[in-house]
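Structure first, then comments.
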Amino acid sequence: MSAPAASSPFRIVHTVCSHDCPDSCGVLVTVNEEGRAVKVAGDPAHPVTQGFLCGKVAKYLDLVYAPERILYPLKRKAGVPKGPLRRGHEHEAFERVSWDEALDAITARLKETAEAHGPESILPYSYAGTIGVLGYGSMDRRFFHRLGASQLDRTICSEAGGVAWNLVYGKKLGTPTEDFRLAKLIVAWGANIHGNNVHLWPMVEQARRNGARLIVIDPYRTRTAALADWHIAIRPGTDGALALGLIHVILNEGLEDRAYIEAMTHGFDQLAERAREYTPERVAAWTGMTAAEIERLAREYATTRPAALRLNYGVQRSENGGTAVRAIAMLPALTGAWKHRGGGAQLSTSGAFPWDKKAVERPDLALASPLKRLARVVNMSALGEALAMKGRGTEGVETEHGPSVHALFVYNSNPAAVAPNHNAVTRGMARADLFTVVHELFFTDTTDYADYILPATTFLEHTDVQGAYGHYFVQLSQQAIEPPGEARSNVWLFSQLAARMGFAEACFRDTPEDLIAQALAIGPDGYSTRPAMEHITFDGLKRLGHIPLGFHRDPEGHPFQPYLSGPLPTPSGKIEFYSEVLAAQGLDGLPRFVPPVESRFGEGAKRFPLEFLSRKADSYMNTTFANLEGHRKLEARTSQRLEMHPADAAARGIAEGNTVRIWNDRGALHLTALMNASLPAGVVAGKLDWAKLSPGGANVNALTSERLTDLGAGATFYSTLVEVVKVQGIGSRE
Ligand code: SF4
């Protein structure tokens with residue numbers, strides 16, 4: 001899909017927003033005769049995008065053509081130590097080099113590192129800076145498998161929730177976004193729909209026009225919570241207790257759907273037995289709700305049809321977050337909400353996309369590496385620990401043990417800002433013996449530690465194919481413009497490195513088009529051979545831009561509703577209230593609420609009595625966009641602020657505008673106090689920003705820990721205890 005009228009000086013190219021967002025918008029880019037993008041707009045033909053983009057990407061050309069973009073490969077100047085560089089002066093620490101020089105030097109250093117310490121001493125670090133199939137993980141995976149580099153366990157965002165959901169349902173499917181408009185009750189649980197899932201919001205509004213109610217469960221009064229009929233400001237890390245309390249009330253009052261439970265679920269009797277423990281009174285003591293509120297919520301949820309849950313990944317970023325998601329995910333199975341179109345739940349739709357990942361990522365190449373096996377796995381949520389690691393034996397393939405990390409290759413991520421335990425991470429990255437390469441758009445917290453910086457492309461500047469985790473459309477993202485300067489895509493970069501490494505396998509010469517055909521598993525007749533994609537061809541995607549997965553094309557015209565019938569890809573073939581898989585590992589087969597160690601219920605609260613919420617900004621995507629003035633202006637009211645309940649502030653003699661020090665044993669930062677009576681007492685909130693754009697060069701991750709979630713070994717950003725004190729005399733706004 002490209003080119004309007006033949007006489008027009010403009011081309012319109014179909015691209016896809018590849019930022020880490022459930023909406024995966026179809027984006028139409030208008031390109032002028034000079035090859036410059038002059039407009040980005042949401043694709044009006046896409047049923048979820050509906051012709052509009054969020055505020056972050058509507059101004060995307062500010063990012064694409066930002067004067068600060070890195071346009072050429074850069075090498076750290078001799079003698080410049082690694083560490084925070086003054087904003088706007090970063091280029092002084094680097095010198096421009098050619099791509100050939102950079103690639104040759106990087107190749108030589110990776111070879112030396114592999115020979116001296118073993119290839120597992122090389123650690124790739126990437127996440128969802130781009131979520132296109134190729135950009136997220138294709139040629140890079142091939143390269144690192146063939147090299148024998150450590151594998152990265154990409155746990156930082158969604159793993160705990162994903163593992164939890166799959167334990168219950170076997171696969172990540174959910175209520176179609178378009179169907180939320182049919183709901184009569186929408187519960188947004190840890191989901192800031194208006195802030196970061198904006199294309200669901202019109203469906204919510206339509207449902208409300210038809211009489212639906214919106215309930216938001218979130219410790220923070222987000223934009224969505226402020227617009228809700230009922231905002232439940234639950235204490236952080238107690239969602240699992242609430243879910244079990246709701247199950248208790250539903251069963252106590254006979255509000256469950258016995259026919260659905262009988263037909264579709266496994267382990268009901270065990271769950272019913274467990275839920276008896278979670279009386280509303282007991283749950284109230286954990287969550288901060290009243291027993292009456294818990295009963296009211298349970299009744300409203302179980303008796304309104306259709307009832308839709310929008311569960312997002314905030315819930316699972318607590319120590320017990322996996323179990324919390326697991327318990328919440330059981331609710332629509334208990335009430336039979338899946339039976340009603342517009343009911344059910346959505347955490348993620350990503351399980352619906354049957355990409356041929358083996359063909360794209362080629363894990364078999366590990367057998368050709370010096371290891372002759374898959375390399376050990378390092379958890380990205382414990383990067384500080386990994387970088388501090390001193391060789392602890394090399395035998396473990398699936399452990400974090402093995403040689404120390406001597407080379408770090410960062411792309412699609414900004415770990416010096418987003419990884420938990422910032423001080424441990426940057427201590428590791430500052431090691432003089434660590435060789436660090438960063439593929440990036442801008443100078444970031446992470447590039448301050450780079451030996452080489454390589455210029456990366458935006459989604460306007462490369463070709464990709466993309467699914468979504470908030471809808472069911474496959475989309476083609478076509479390259480709209482030439483990359484500025486010498487910016488190059490991930491696919492290009494890792495093909496070049498493979499060639500220099502002497503990797504002879506033909507797959508390293510695959511083009512983006514080859515990779516897309518492999519991801520779609522295109523057969524000899526030009527059609528995909530994967531289930532639900534059999535009607536998709538490459539040409540079809542080029543023509544249409546987006547194509548729905550096959551289950552929207554039910555020959556009898558029924559709309560897609562997940563979990564209406566089995567068997568499901570779980571061990572029992574049913575929705576699992578009880579998990580034999582967990583029980584076989586010596587774990588609890590049922591959900592149980594265990595308060596986080598770092599919470600008001602833990603020992604640590606004696607020294608650090610406040611629960612800290614490290615929030616995400618609505619106008620940034622983690623740390624992407626945070627360097628752009630237009631985006632920063634939208635966040636100004638709460639930027640560099642610590643939001644506190646007035647009672648917590650008064651107890652510490654803190655008034656609005658005071659400079660406060662927030663600290664725990666991992667670090668400290670200074671922010672300005674901002675009163676927020678909608679927070680639960682005992683909870684304070686600060687927002688993720690770049691460390692180098694924060695006072696004192698520390699961001700909220702100076703406080704967060706590398707403790708991992710109960711399922712999926714994910715990051716526990718929202719299980720953080722702190723203390724706060726007024727700073728006398730400096731920078732006070734009193
Ligand atoms: S960030 Fe999300 S809502 Fe915004 S344009 Fe990208 S996919 Fe759409």
Side-chain angles (χ1 to χ4, degrees), residues 19-21 54-56 87 156-157 190-192 194-197 218-226 233 236 312-314 317-318 414-422 444-445 610-645 648-649 654 656-664 666-680 683-705 715-722 724 731 733:
H19 289 285
D20 188 3
C21 167
C54 67
K56 294 180 269 274
R87 176 103 183 111
I156 201 163
C157 176
N192 180 11
H194 200 278
N196 48 39
N197 183 195
D218 198 314
Y220 188 82
R221 195 168 180 80
T222 59
R223 277 197 226 168
T224 315
N312 216 330
Y313 284 112
R317 294 193 186 117
S318 293
N414 182 11
V418 301
N421 203 356
H422 169 83
T444 64
D445 289 329
L610 297 171
E611 293 168 330
F612 180 67
L613 277 180
S614 55
R615 298 182 51 240
K616 304 289 176 66
D618 290 351
S619 306
Y620 311 154
M621 184 70 66
N622 291 310
T623 58
T624 304
F625 302 113
N627 58 322
L628 301 176
E629 271 320 303
H631 291 69
R632 289 194 78 77
K633 273 188 196 145
L634 296 172
E635 293 294 328
R637 195 185 73 80
T638 52
S639 277
Q640 311 308 334
R641 301 292 191 279
L642 183 76
E643 296 183 63
M644 302 186 77
H645 191 281
D648 294 321
I654 294 168
E656 177 121 350
N658 286 167
T659 299
V660 292
R661 179 174 188 263
I662 309 105
W663 88 98
N664 59 24
R666 292 177 289 272
L669 62 156
H670 289 83
L671 297 174
T672 304
L674 178 67
M675 297 305 119
N676 182 347
S678 69
L679 280 169
V683 177
V684 293
K687 221 162 44 179
L688 177 64
D689 201 340
W690 289 18
K692 66 191 303 166
L693 296 176
S694 306
N699 73 0
V700 292
N701 281 319
L703 304 168
T704 57
S705 83
T716 57
F717 293 109
Y718 303 153
S719 293
T720 301
L721 283 175
V722 297
V724 179
R733 294 178 187 220

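For the numbers below, each heavy atom of this structure counts, side chains included, while hydrogens, waters and symmetry mates do not.
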Enter the distance from [X]:[atom1] to [Y]:[atom2] here, rounded to the nearest 0.5 Å.
{"X": "D20", "Y": "T624", "atom1": "CG", "atom2": "OG1", "answer": "9.0 Å"}
{"X": "M621", "Y": "L688", "atom1": "CE", "atom2": "CG", "answer": "12.5 Å"}
{"X": "S705", "Y": "F717", "atom1": "OG", "atom2": "CZ", "answer": "9.5 Å"}
{"X": "L669", "Y": "R661", "atom1": "CG", "atom2": "CZ", "answer": "9.5 Å"}
{"X": "L703", "Y": "W663", "atom1": "CG", "atom2": "CH2", "answer": "11.0 Å"}
{"X": "T672", "Y": "R641", "atom1": "OG1", "atom2": "CZ", "answer": "5.0 Å"}

Show the nearest heavy-atom pair for residues [X] and [Y], with the distance to one decimal.
{"X": "A233", "Y": "P680", "answer": "O-CG, 3.4 Å"}
{"X": "L610", "Y": "V724", "answer": "CD1-CG2, 3.6 Å"}
{"X": "H645", "Y": "L679", "answer": "CD2-O, 3.0 Å"}
{"X": "V683", "Y": "D648", "answer": "N-OD2, 3.9 Å"}
{"X": "A416", "Y": "H422", "answer": "O-ND1, 2.7 Å"}
{"X": "T704", "Y": "S614", "answer": "CG2-OG, 4.0 Å"}

Does some side-chain heavy atom of [Y] sit less than 4.5 Å from a side-chain heavy atom of [X]?
{"X": "V700", "Y": "F612", "value": "yes"}
{"X": "Y718", "Y": "L613", "value": "yes"}
{"X": "Q640", "Y": "S694", "value": "yes"}
{"X": "N676", "Y": "Y220", "value": "yes"}
{"X": "C157", "Y": "R317", "value": "yes"}

Partners passing side chain to side chain contact (heavy atoms under 4.5 Å, CB included) against [X] (at least two apart in sequence or in another chain):
{"X": "H631", "value": "K56, K59, Y620, F625, L628"}
{"X": "A649", "value": "M644, I654, M675"}
{"X": "N421", "value": "A424, R666, E706"}

For N192 and N312, run side chain to side chain contact (heavy atoms under 4.5 Å, CB included): C-alpha distance rounded to whole Å, both residues' side-chain angles, the deciding distance at 0.1 Å, then the answer.
CA-CA 8 Å; N192 180 11; N312 216 330; over 6 Å; no
Please check if the side chain of T224 supplies one atom and the backbone of H194 the other of a donor-acceptor pair under 3.5 Å.
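Checked: pair present.
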Checking the side chain of N701 only, and the main-chain atoms of A417 only, is there a donor and an acceptor separated by less than 3.5 Å?
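Yes, the answer is positive, given that a donor and an acceptor are paired below the 3.5 Å cut-off.
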Partner set under salt bridge (Lys or Arg N to Asp or Glu O under 4.0 Å) for R615, not counting sequence neighbours
E643
For K692, give me all partners under salt bridge (Lys or Arg N to Asp or Glu O under 4.0 Å), at least two apart in sequence or on another chain.
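Scan of K692 (salt bridge (Lys or Arg N to Asp or Glu O under 4.0 Å), adjacent residues dropped) gives E90, D448.
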Per-pair distances, 0.1 Å, donor-acceptor, side chain in residues 632-639, under 3.5 Å, sequence neighbours excluded:
residue	atom	partner	partner atom	Å
R632	NH1	A626	O	2.6
R632	NH1	D689	OD1	3.1
R632	NH2	D689	OD2	2.8
E635	OE1	K687	NZ	2.6
E635	OE2	D618	N	3.3
E635	OE2	S619	N	2.7
E635	OE2	S619	OG	2.8
T638	OG1	K687	NZ	2.6
S639	OG	E635	O	3.0

Scan D445, T623, N622 and name whichever one has a side chain to side chain donor-acceptor pair (under 3.5 Å) with N414.
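With N414 as partner, side chain to side chain donor-acceptor pair (under 3.5 Å) holds for just one option, T623.
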